[in-house]
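A short worksheet on the structure shown next.
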Protein chains: 2
Amino acid sequence: MMRWAGAFVLLLWIVAPAHADPLAAWNEGPAKQAILDFVSDVTREDSPDFVPPAERIAVFDNDGTLWSEQPLYVQLAFALDRVRALSASHPEWQQQEPFKSVLAGDLEGVKATGVKGIVELVAASHANTTTEEFDGIVRAWLETARHPVYRRPYTELVYQPMLELLDYLRANGFKTYIVSGGGVAFMRPWTEGVYRIPPEQVIGSRIKMRFEAGKSQPVILRLPEIDFIDDKEGKPVAIEAIIGRRPIAAFGNSDGDFQMLEGTTAGKGRRFAFFVHHDDGERESAYDRHSSVGKLDRGLNEAAERGWLIVSMKNDWAQIFPPAQ
Amino acid sequence: MMRWAGAFVLLLWIVAPAHADPLAAWNEGPAKQAILDFVSDVTREDSPDFVPPAERIAVFDNDGTLWSEQPLYVQLAFALDRVRALSASHPEWQQQEPFKSVLAGDLEGVKATGVKGIVELVAASHANTTTEEFDGIVRAWLETARHPVYRRPYTELVYQPMLELLDYLRANGFKTYIVSGGGVAFMRPWTEGVYRIPPEQVIGSRIKMRFEAGKSQPVILRLPEIDFIDDKEGKPVAIEAIIGRRPIAAFGNSDGDFQMLEGTTAGKGRRFAFFVHHDDGERESAYDRHSSVGKLDRGLNEAAERGWLIVSMKNDWAQIFPPAQ
């Protein structure tokens with residue numbers, strides 16, 4: 001009996017990998033094949049394009065690339081909810097923009113307050129707490145907040161094909177990073193659980209902070225002042241400042257990711273980059289050149305000549321979101 | 001024969017670990033024992049202080065903690081050499097401070113130019129190149145530069161006990177980071193080879209950078225402007241901004257590291273921290289409370305009450321530097 005059992009286990013072990021498709025949510029086609037080819041090229045030791053594991057850095061935008069960003073950025077939904085939650089102790093907000101518009105549910109009114117309004121919104125919703133308090137605020141919000149259209153927790157509205165790509169790259173020795181225009185402190189509380197990306201591999205926009213050691217335990221305070229915007233030219237600069245080496249693969253969905261793809265693919269040797277194209281109005285949202293969120297215009301124009309792929313959500317993805325939990 | 005050979009190999013494998021002391025350059029005593037106890041406490045799964053591997057973050061200052069900082073910071077030696085190398089194409093420097101003093105070998109004169117002078121020195125020696133050019137400049141300098149006293153390459157003047165501590169922590173599942181007041185771009189070219197710390201685990205001071213995509217390949221330019229000083233309160237802030245979680249161990253040698261140790265040990269659960277005390281004038285240098293480089297005063301006063309160790313180079317270290325190569 002033991003011998004048979006052993007042989008059976010061995011058989012399973014041999015057969016299983018051939019059956020398990022690590023990119024099952026990707027339709028067969030040029031996009032999926034390009035991923036497989038790239039990974040094979042940089043990981044086979046006899047390949048002319050072989051890259052040692054330590055240099056296998058892959059960077060991913062977050063909003064619109066790893067999770068949904070429509071009808072509005074998740075972080076903006078958080079900020080609006082946070083202002084509503086705090087409004088009871090700020091009666092003056094009823095008369096004061098941008099809070100007045102937020103409380104009236106008037107998003108156009110919020111937009112009309114411009115950069116000044118957005119900065120005040122960020123300050124009110126993201127600052128004047130310790131780092132640990134803010135972490136708790138984000139976690140608590142995510143537990144109850146639901147997407148206005150899909151009525152599911154935001155952390156379930158991540159793209160199944162991209163989760164598979166993250167896993168597939170890591171299984172092949174890659175270190176996966178998020179490089180997002182979103183706030184780093186808003187992402188870190190959940191990226192490890194959802195994407196298996198630890199806090200130290202999350203790069204994003206930041207507000208200023210101050211270390212304060214009083215009589216009690218020292219804390220780090222979040223200040224109402226922008227420190228760094230991790231978008232456009234900021235992305236390759238943040239990658240240099242924080243990672244300190246050039247990635248070999250970069251993935252985005254909007255023109256805000258253009259320079260990250262440009263910097264990544266400018267390196268010598270085999271490189272890989274694509275834009276996720278939101279062209280699936282049926283299963284998600286269709287938007288690109290004229291969208292105020294996730295605008296993709298220059299990227300569509302120049303991808304082909306630069307050797308970057310355009311991944312069609314409609315054609316290349318067999319599945320958009322993971323099944324509801 | 002095969003059976004005997006196999007048994008012999010097995011025997012070696014069983015016996016060897018008992019003989020190899022991972023901290024051989026540490027004298028037996030309370031400091032070495034404290035390291036062993038800490039690592040045992042946080043890694044044994046049945047320990048009340050067990051910490052999962054992902055959270056085993058240890059941060060190390062560099063100058064004076066991992067390598068020698070006397071008679072002057074290595075990076076300052078680099079800056080002075082760089083100004084000398086560039087002076088042929090800058091005849092005006094002969095009459096212009098701080099360059100005039102640099103070229104005359106008058107360090108006191110350089111100091112007298114104050115912050116303005118230092119900023120100009122950093123700009124002239126560290127900026128106005130691409131990131132890749134600067135990497136090459138640092139590597140080339142390290143190949144030929146020699147320490148003025150020991151006459152050895154600077155990268156050999158690292159502390160053997162600290163190299164062992166780095167290795168020992170990593171062997172126990174720790175992720176080791178440098179968090180230094182020194183420039184991050186000056187450290188990254190050699191930290192992987194010398195400390196086995198990859199670029200993405202090196203945090204330091206930074207100058208501003210700009211991504212520039214012209215007609216040719218895009219580059220990142222190093223600008224003559226300070227972006228961030230990673231010293232004192234800056235250290236725990238940089239740790240939060242870049243790592244995003246609190247380390248469980250921190251090691252420094254000067255009051256510039258005080259807040260890093262303070263922030264680290266303020267966390268819940270088992271923590272570990274020490275200052276390297278430069279008290280060995282015979283084998284290295286003896287300096288602390290009154291030194292302009294690596295001043296350790298408040299640290300000496302408060303270490304005991306805060307539960308931080310003072311590691312005596314004289315008494316706790318059997319060896320200072322690795323043997324000459």
Side-chain angles (χ1 to χ4, degrees), chain A residues 54-55 57 130-132 134-135 175 177 184-185 187-189 191-192 196 198-204 206-213 216-223 227-228 232-247 258-268, chain B residues 53-55 57 130-132 135 175 177 184-185 187-189 191-192 196 198-204 206-213 216-223 227-228 232-247 258-268:
Chain A
E55 292 167 27
I57 307 272
T130 69
T131 51
E132 287 180 353
F134 188 72
D135 180 275
K175 203 166 187 174
Y177 276 84
V184 69
M187 295 183 282
R188 282 176 172 157
T191 54
E192 187 146 35
R196 299 209 290 126
E200 63 268 30
Q201 284 160 232
V202 181
I203 296 171
R206 286 191 306 267
I207 59 176
K208 294 201 173 174
M209 296 182 283
R210 188 174 66 228
F211 180 78
E212 210 161 84
S216 57
Q217 289 291 67
V219 293
I220 296 179
L221 293 175
R222 294 173 52 77
L223 309 179
D227 183 25
F228 181 75
K232 299 192 174 71
E233 289 82 2
K235 290 199 176 196
V237 166
I239 288 169
E240 174 65 29
I242 294 175
I243 306 180
R245 48 180 152 198
R246 198 192 294 264
F258 193 97
Q259 289 80 2
M260 177 168 81
L261 271 63
E262 193 177 17
T264 298
T265 55
K268 287 184 194 110
Chain B
E55 291 167 29
I57 306 271
T130 69
T131 51
E132 287 180 352
D135 180 274
K175 203 167 189 175
Y177 276 84
V184 68
M187 295 184 282
R188 283 177 172 156
T191 53
E192 187 147 36
R196 301 209 291 127
E200 63 268 29
Q201 283 160 232
V202 181
I203 296 171
R206 287 191 306 268
I207 59 176
K208 293 202 172 171
M209 296 183 282
R210 188 174 68 230
F211 180 76
E212 209 161 84
S216 57
Q217 289 292 68
V219 293
I220 295 178
L221 293 175
R222 295 174 51 77
L223 308 179
D227 183 26
F228 181 76
K232 300 192 173 71
E233 289 83 2
K235 291 199 175 197
V237 166
I239 288 168
E240 174 65 29
I242 295 176
I243 305 180
R245 47 181 153 198
R246 198 191 293 263
F258 193 97
Q259 289 80 4
M260 177 168 81
L261 271 63
E262 193 178 18
T264 298
T265 55
K268 286 183 195 112

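The figures that follow rest on heavy atoms only: side chains count, while hydrogens, waters and symmetry mates do not. Order of the sequence lines fixes the chain letters, A, B, ..., with proteins taken first and strands second; residue numbering starts at 1 for each chain. As the structure is a prediction and not an experimental result, all values here were calculated from the model.
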The reported gap from CD1 in A:Ile242 to CD1 in B:Ile243 (rounded to nearest 0.5 angstrom) is 11.0 Å
| field | Min side-chain heavy-atom separation B:Glu240-A:Arg222 under 4.5 Å | value | no
Smallest heavy-atom separation, A:Glu200 atom then B:Ile57 atom, equals OE2-CD1, 4.3 Å
A:Val202 meets the side chain to side chain contact (heavy atoms under 4.5 Å, CB included) criterion, sequence neighbours left out, with A:Ile178, A:Val184, A:Met187, A:Arg188, A:Thr191, A:Ile197
Cut-off 4.5 Å, heavy atoms of chain A, and the answer for B:Phe228 is neither
Rounded to the nearest 0.5 Å, the CD atom of A:Gln259 sits from the CD1 atom of B:Ile220 at a distance of 11.0 Å
*Worked check of side-chain contact (heavy atoms from CB on, under 4.5 Å) between B:Met209 and A:Glu233*: CA-CA 10 Å; B:Met209 296 183 282; A:Glu233 289 82 2; over 6 Å; no
Bottom line for A:Glu132: the part with an atom under 4.5 Å from chain B's heavy atoms is side chain
Note: B:Gly244 and A:Pro199 closest approach over all heavy atoms is O-CB, 4.0 Å
When the 4.5 angstrom heavy-atom criterion is applied to B:Arg246 and chain A, the contacting part is side chain
Contacts of B:Pro189 meeting side chain to side chain contact (heavy atoms under 4.5 Å, CB included) (sequence neighbours excluded), chain-then-number -> B:Asp135, B:Val138, B:Arg139
One option among B:Lys175, B:Lys208, B:Gln201 has the most heavy-atom pairs under 4.5 Å with chain A, and it is B:Lys175
Any side-chain heavy-atom pair of A:Phe211 and B:Glu262 under 4.5 Å: yes
